[in-house]
Undergrad: 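Below you will find the structure I want to go over with you.
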Amino acid sequence: MRRYHKSFWANFKLSLIFSSLFGIIFLMVGVFFISGFAFFFISDFRLLRLLSLIPVFAGAFAGAYICGKYRRSKGMLSGIVCGIIIYVFISAAGIITAGRPAHIGKLLLLAIAGAIGGVAGVNSKRPKKHTL
């Protein structure tokens with residue numbers, strides 16, 4: 001007889017930590033590519049402020065999408081919480097490097113991107129090897 005075992009996605013805290021870490025890694029890779037693009041191709045640095053929001057949005061979306069896809073419930077709530085966790089990380093990095101936290105507008109952007117990603121993840125196809 002097969003045993004019933006829950007995945008760690010059933011645990012709300014563990015799934016949020018894992019998906020937020022995934023979003024942070026995705027954000028850092030995006031920042032790496034955007035900074036390389038800006039170094040080689042952008043001469044007007046006024047565009048850089050707008051361009052820097054792309055990896056922030058993509059990181060929050062990706063982390064919340066993974067959380068929503070594997071948790072399969074409460075996508076908007078878990079996405080917003082994932083966005084808040086990523087904001088805390090960005091603010092901590094800002095305090096360490098620049099001496100000031102991230103602006104509150106970035107929290108709003110991360111929460112919206114997380115909510116969109118969580119809803120999109122819940123409404124996506126089920127993963128193949130998903131046990132819950």
Side-chain angles (χ1 to χ4, degrees):
M1 177 177 255
R2 185 173 173 200
R3 285 182 140 177
Y4 176 77
H5 89 76
K6 290 186 176 186
S7 70
F8 80 97
W9 292 104
N11 188 343
F12 186 70
K13 291 179 184 177
L14 279 177
S15 63
L16 280 177
I17 289 171
F18 178 77
S19 59
S20 296
L21 284 176
F22 179 79
I24 290 168
I25 291 169
F26 195 81
L27 184 144
M28 291 191 320
V29 168
V31 165
F32 177 74
F33 284 118
I34 292 291
S35 65
F37 176 78
F39 181 76
F40 290 114
F41 298 112
I42 294 182
S43 59
D44 186 18
F45 289 107
R46 289 179 289 181
L47 181 64
L48 194 59
R49 178 174 241 161
L50 182 64
L51 201 61
S52 68
L53 294 177
I54 293 171
V56 172
F57 185 89
F61 182 86
Y65 183 83
I66 293 295
C67 188
K69 184 171 184 84
Y70 286 97
R71 283 193 48 86
R72 307 300 300 168
S73 65
K74 298 179 183 170
M76 186 178 289
L77 176 67
S78 61
I80 290 172
V81 173
C82 186
I84 291 170
I85 292 171
I86 293 173
Y87 174 78
V88 169
F89 174 78
I90 290 173
S91 290
I95 290 172
I96 291 170
T97 59
R100 57 185 161 81
H103 293 284
I104 199 72
K106 199 164 283 188
L107 173 64
L108 183 63
L109 175 73
L110 286 165
I112 290 172
I116 293 169
V119 169
V122 167
N123 292 326
S124 67
K125 290 175 77 174
R126 283 184 73 81
K128 292 193 182 231
K129 294 184 178 181
H130 181 257
T131 58
L132 181 67

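As the structure is a computational prediction, the values presented were derived from the model and not from experiment. Reckoned from all heavy atoms, side chains included, excluding hydrogens, waters and symmetry mates.
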Undergrad: Look up atom CG in L47 and atom CD1 in I42, then write down how far apart they are to the nearest 0.5 Å.
TA: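 Here the rounded value is 5.0 Å.
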
Undergrad: Taking all heavy atoms of L48 and all of A38, pick out the closest pair and write down the distance.
TA: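 Heavy atoms only, the tightest pair is CD1-CB, 3.4 Å.
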
Undergrad: Checking the side chain of S91 only, and the main-chain atoms of V88 only, is there a donor and an acceptor separated by less than 3.5 Å?
TA: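 Checking the backbone N and O of V88 against the side chain of S91, no donor-acceptor pair under 3.5 Å is found.
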
Undergrad: Taking atom CZ as the centre, does F57 end up with more than 12 heavy-atom neighbours from other residues, nucleotides or ligands that are less than 6.0 angstrom away?
TA: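 Yes.
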
Undergrad: Students often mix this up, so state it plainly: with edges at 30° and 60°, are the rings of F37 and F41 parallel, tilted or perpendicular?
TA: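 Geometry flag for F41 against F37: tilted rings.
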
Undergrad: Flag yes if V56 and F89 sit in one hydrophobic cluster, no otherwise; membership is Ile, Leu, Val, Met, Phe, Trp, Tyr, and two members link when side-chain heavy atoms are under 4.5 Å apart.
TA: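 Hydrophobic grouping puts V56 with F89.
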
Undergrad: Do L108 and I104 come close enough that some side-chain heavy atom pair is under 4.5 Å?
TA: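 No, too far: nothing below the 4.5 Å cut-off.
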
Undergrad: Is there a path of hydrophobic side-chain contacts, each under 4.5 Å between heavy atoms of I, L, V, M, F, W or Y residues, that connects L27 with I80?
TA: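 Result: yes, single cluster for both.
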
Undergrad: Between S20 and I17 (side chain of the first, backbone of the second, donor and acceptor by atom type, cut-off under 3.5 Å), is there such a pair?
TA: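 Pair absent, no side-chain N/O of S20 close to backbone of I17.
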
Undergrad: Hey, what do you get for SG (C82) to CG (L21), rounding to the nearest 0.5 Å?
TA: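 Result: 9.0 Å between the selected atoms.
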
Undergrad: Is any side-chain heavy atom of L110 closer than 4.5 Å to one of I84?
TA: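 Heavy-atom side-chain distance check fails, nothing below 4.5 Å.
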
Undergrad: For M76, run the side-chain contact (heavy atoms from CB on, under 4.5 Å) check against V81, V122, V119, I116 and tell me which one passes.
TA: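 Of V81, V122, V119, I116, side-chain contact (heavy atoms from CB on, under 4.5 Å) with M76 is met by V119 alone.
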
Undergrad: Identify the two heavy atoms, one from I24 and one from I86, that lie closest to each other, and give their separation to 0.1 Å.
TA: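 Of all heavy-atom pairs spanning I24 and I86, the closest is CG1-CG1, 4.0 Å.
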
Undergrad: I'd like to check S78 versus C67 (side-chain heavy atoms, cut-off strictly below 4.5 Å). Are they in contact?
TA: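 Counting from C-beta outward, S78 and C67 do come under 4.5 Å.
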
Undergrad: To the nearest 0.5 angstrom, please state how far the CZ atom of R71 sits from the CG atom of L77.
TA: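 Between R71 CZ and L77 CG, I get 9.0 Å after rounding to 0.5 Å.
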
Undergrad: Under a single-linkage definition using a 4.5 Å side-chain heavy-atom cutoff for Ile, Leu, Val, Met, Phe, Trp and Tyr, are F32 and V29 assigned to the same hydrophobic cluster?
TA: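 They do share one cluster, since a chain of ILVMFWY contacts under 4.5 Å joins F32 to V29.
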
Undergrad: Taking all heavy atoms of G121 and all of R72, pick out the closest pair and write down the distance.
TA: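 Heavy atoms only, the tightest pair is O-NH1, 3.3 Å.
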
Undergrad: Could you tell me which non-hydrogen atom of K106 sits nearest to which non-hydrogen atom of Y87, and how far apart they are?
TA: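 Scanning both residues completely, I find the closest heavy atoms to be C-CD1, 4.2 Å.
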
Undergrad: Work out which heavy atom in G114 is nearest to a heavy atom in A64; give both atom names and the distance.
TA: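 Shortest heavy-atom separation between G114 and A64 comes out as O-CB, 3.0 Å.
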
Undergrad: Quick check on the hydrophobic clustering: are F22 and L14 connected, directly or via other members, by side-chain heavy-atom contacts under 4.5 Å?
TA: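 Yes, F22 and L14 fall within the same hydrophobic cluster.
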
Undergrad: Check for a donor-acceptor pair, side chain of K69 on one end and backbone N or O of A120 on the other, with a separation under 3.5 Å.
TA: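 No.
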
Undergrad: Specify the closest pair of heavy atoms between I90 and A102, including all atoms of both residues, with the distance to one decimal.
TA: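 Reported closest heavy-atom pair: CG2-CB, 3.9 Å.
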
Undergrad: Is the closest side-chain heavy-atom distance between F33 and P55 below 4.5 Å?
TA: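 When only atoms from C-beta onward are counted, P55 and F33 do not touch, as no gap falls below 4.5 Å.
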
